[in-house]
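Taking it in order: structure first as structure tokens, then the write-up.
This structure is a prediction, so every number in the text was calculated from the model and none was measured. Both counts, for ligands and for their atoms, begin at 1 and track the order of listing. In what follows, every heavy atom counts, from backbone to side chain, and hydrogens, waters and symmetry copies are set aside.
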Amino acid sequence: MTLAERIAGLIAREGPLGVDRFMDLCLNDPVGGYYATRPDLGPGGDFITAPLVSQMFGEVLGLWAVEVWTSLGRPGRFVLVEAGPGLGVMMTDALRAARVAPAFLAACDLWLVESSPPLRRRQAAALRSLAAPSWVDRLEDAPDDAPIILLANEFLDCLPIRQAVRTAMGWRERRIAAGPDGALVFVPGPAITPSAATPADAPLGTVAEWSDAVADFGSAVGRRIVSCGGAALFIDYGRDRPDYGDTLQAVRRHRKESPLASPGAADLTAHVDFPAFLSAAHAAGAAVSAIRGQGEFLADLGIGFRADALARAHPDQAPLIARQLARLTAADQMGNLFKVATVTAPGLAAPGFHLS
Ligand code: SAH
């Protein structure tokens with residue numbers, strides 16, 4: 001039975017599904033979920049991410065981690081975590097760049113938060129010559145006896161969201177049902193009490209989104225950083241201020257399609273609500289940064305110098321390197337759409353951010 005058929009059965013038995021339940025099934029169902037069974041990242045696959053655009057991305061993040069470790073007083077042991085490492089490319093590039101600081105590498109205990117069995121295998125293969133990582137399903141399961149440095153690129157956008165829509169009968173949670181022809185459709189579900197995020201006077205048709213999973217992850221990061229010390233860096237596409245709109249999207253073979261079209265066959269993501277994520281971390285006692293664009297953040301970390309050095313070493317590839325740099329940093333490419341923010345122990349300034 002396909003995942004679509006099982007979802008239809010579930011709806012017939014239990015009624016329309018919440019967007020969060022649908023997203024979780026589409027991504028993580030052990031038999032039919034996209035990440036659990038057939039993740040296909042890269043130019044020849046379904047979608048591309050910053051580490052796959054250029055090695056420079058992971059390299060500058062590796063140097064960011066070395067600087068954080070230096071600010072922490074160069075601890076003799078720390079826990080380096082990547083959440084959602086995909087093909088393992090970013091961590092490979094980061095650790096290679098971190099060879100400038102052998103004491104950092106010697107102190108590093110590497111843990112990968114990854115739910116996908118096929119991607120765990122890809123990460124093991126990618127990292128083989130550089131590190132011996134351990135894997136956990138949840139951040140809470142990584143060791144908590146040392147400071148933590150955490151990196152996550154395009155991880156929060158995979159965490160399930162919920163949606164509400166403003167109808168003539170007030171705000172309703174958005175649910176997914178089967179239409180007369182069996183195709184999945186969005187329907188208004190139970191009433192939602194108006195709040196700041198769902199104001200009674202919003203225009204008809206307005207869609208609001210929120211994510212318990214993103215907030216829970218924010219609190220888990222905040223708690224860990226408060227108890228162990230350290231810093232966490234999050235890069236994702238998303239909003240830097242509260243906003244409305246339906247951002248649930250499916251991408252397959254580099255094309256957007258309806259999120260309901262082919263459950264489990266496409267990547268399903270939503271824009272990350274950075275303010276909500278950071279406020280959960282802040283409520284747990286951690287310091288949180290401003291939210292910056294990826295372009296200016298990478299520029300401040302010196303990605304331009306790295307591009308110049310690479311181009312000098314490989315003059316034949318200079319035009320390609322310039323295109324990759326532009327893709328990562330230009331305002332009309334990934335530079336503005338993608339946002340960066342940190343969660344840190346109070347008093348610790350992370351590179352690229354001022355103490356707040
Ligand atoms: N960071 C990588 C991959 C992004 S794709 C890159 O930039 O290329 C999202 C990654 O998060 C995948 O590795 C996916 O398997 C993982 N992931 C998604 N949801 C997860 C969850 N709930 N728990 C753990 N890992 C998850």
Original post:
Between Gln123 and ligand 1, does any nitrogen or oxygen pair lie at a separation below 3.5 Å?
Top reply: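 No, no N or O pair falls under 3.5 Å.
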
Within this structure, what is the [atom1]-[atom2] distance for the pair [X] and [Y], rounded to the nearest 0.5 Å?
| X | Y | atom1 | atom2 | answer |
| --- | --- | --- | --- | --- |
| Asp24 | Ile161 | CG | CD1 | 13.0 Å |
| Lys256 | His254 | NZ | NE2 | 14.0 Å |
| Trp64 | Leu301 | CH2 | CG | 9.0 Å |

**OP:** Mind checking salt bridge (charged side-chain N to carboxylate O under 4.0 Å, His left out) for Arg224 and listing every partner two or more places apart, or none if nothing turns up?
**Re:**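 So Arg224 forms no salt bridge (charged side-chain N to carboxylate O under 4.0 Å, His left out) with any residue.
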
Report the part of [X] (side chain from C-beta onward, or backbone N, CA, C, O) that has a heavy atom under 4.0 Å from ligand 1; answer both or neither where that applies.
| X | result |
| --- | --- |
| Leu87 | neither |
| Ser115 | both |
| Thr49 | side chain |

Distance filter under 4.0 Å to [X] heavy atoms, resulting ligand 1 atoms:
| X | answer |
| --- | --- |
| Leu159 | 22 (N) |
| Pro51 | 6 (C), 7 (O), 8 (O) |
| Ser116 | 15 (O) |
| Pro85 | 2 (C), 13 (O) |
| Gly86 | 2 (C), 3 (C), 13 (O) |

Original post:
Does the side chain of Tyr35 pick up a donor-acceptor pair with the side chain of Asp267 at under 3.5 Å?
Top reply: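 Present: a donor and an acceptor within the cut-off.
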
Nearest protein heavy atom to [atom], by residue and atom, and its distance?
| atom | value |
| --- | --- |
| atom 5 (S) of ligand 1 | Tyr35 OH, 3.4 Å |
| atom 15 (O) of ligand 1 | Glu114 OE2, 2.5 Å |
| atom 7 (O) of ligand 1 | Asn153 ND2, 2.8 Å |
| atom 18 (C) of ligand 1 | Cys158 CB, 3.7 Å |

Subject >> Heavy atom of Leu119, distance to ligand 1 below 4.0 Å >> reply: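 The answer is yes: ligand 1 sits under 4.0 Å from a heavy atom of Leu119.
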
Original post:
Does Glu154 come within less than 4.0 angstrom of ligand 1, counting non-hydrogen atoms of the residue?
Top reply: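 Contact present.
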
**OP:** Take Phe186 and Leu248, measure what side chain to side chain contact (heavy atoms under 4.5 Å, CB included) needs, and give me the verdict at the end.
**Re:** CA-CA 12 Å; Phe186 287 107; Leu248 185 66; 4.2 Å; yes

Original post:
For the residue pair Phe155 and Phe234, is the inter-centroid distance of their aromatic rings smaller than 6.0 Å?
Top reply: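 They do not qualify: ring centres at least 6.0 Å apart.
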
**OP:** Measure from NZ or CZ of Arg292 to the centre of the six-membered ring of Phe297, then state whether that distance is under 6.0 Å and the direction lies within 45° of the axis.
**Re:**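 Here Arg292 fails the 6.0 Å and 45° test against Phe297.
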
Original post:
Same hydrophobic cluster for Leu61 and Leu127, using side-chain heavy-atom links shorter than 4.5 Å among ILVMFWY?
Top reply: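 Yes, same cluster.
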
Subject >> Nearest-option assignment for atom 1 (N) of ligand 1, heavy atoms, candidates Gly84, Gly58, Pro117, Pro39 >> reply: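 Among Gly84, Gly58, Pro117, Pro39, the closest heavy atom to atom 1 (N) of ligand 1 belongs to Gly84.
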
**OP:** Report yes if some heavy atom in the side chain of Arg13 is under 4.5 Å from a heavy atom in the side chain of Leu10; otherwise report no.
**Re:**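 Answer yes - side chains close enough.
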
